[in-house]
Amino acid sequence: LSQNLTGKTFALVFARDVLGRVADLKIAAGLRRMPVAVYFEREEMLRVVFRSTSYLFRQADFSLNAFERAAGYRFNIPARKPRGFNSFFDQLNANAGFTF
């Protein structure tokens, strides 16, 4: 993807939940061609293996930014999240008056 879109910028718009935050990391790493593995551990913990180092996070505290600070590596891809909503889809539905 990044090979065909050289010079383009990306923004990650996944949901605010833990799977969306993991997707932020996986896609950011993939765009930079950096392998990363994420494991859901016991008691609401995540283990991230990146560049031969293992990082442990509480699920509630995990984000792309928190990982970048812990690993000391910046992907330089923003992760956008809507205020007050879990996802941009939820925000669009609320603003349009739809409920599911």
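Quick note: residue numbers are just sequence positions, from 1. Computed from a predicted model, the values in this text were never measured in an experiment.
- Here Asn76 pairs with nothing under the side-chain hydrogen bond (donor to acceptor under 3.5 Å, both in side chains) rule; sequence neighbours left out.
- The hydrophobic cluster containing Tyr39 does not contain Leu25, counting ILVMFWY residues as joined when their side-chain heavy atoms lie under 4.5 angstrom apart, directly or transitively.
- Contact check for Phe14 versus Leu19: no side-chain heavy atoms found under the 4.5 Å cut-off.
- Residues forming a salt bridge (Lys or Arg N to Asp or Glu O under 4.0 Å) with Arg74 (at least two apart in sequence, or on another chain): Glu68.
- Within the 4.5 Å cutoff, the side chain of Phe75 has heavy atoms near those of the Phe67 side chain.
- Under the rule for a salt bridge (Lys or Arg N to Asp or Glu O under 4.0 Å), the partners of Glu41 that lie at least two apart in sequence or sit in another chain are Arg47.
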- Kindly determine whether Ile27 and Ile77 satisfy side chain to side chain contact (heavy atoms under 4.5 Å, CB included), including the steps that lead there. CA-CA 10 Å; Ile27 297 299; Ile77 301 174; over 6 Å; no

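- Listed by chain and number, the residues in a salt bridge (Lys or Arg N to Asp or Glu O under 4.0 Å) with Lys81 are Asp24 (sequence neighbours excluded).
- One hydrophobic cluster, built from ILVMFWY side chains closer than 4.5 Å, holds both Tyr73 and Val36.
- Listed by chain and number, the residues in a side-chain contact (heavy atoms from CB on, under 4.5 Å) with Pro82 are Arg16, Phe85, Phe88, Gln91 (sequence neighbours excluded).
- Within the 4.5 Å cutoff, the side chain of Arg21 has no heavy atoms near those of the Leu64 side chain.
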Would you tabulate the side-chain donor-acceptor contacts of residues 48-60 under 3.5 Å, counting partners in other chains and residues two or more places apart, or write 'none'?
from	atom 1	to	atom 2	distance (Å)
Thr53	OG1	Arg51	O	3.4

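- Residues Lys26 and Ala37 approach most closely at NZ-CA, 4.4 Å, considering heavy atoms.
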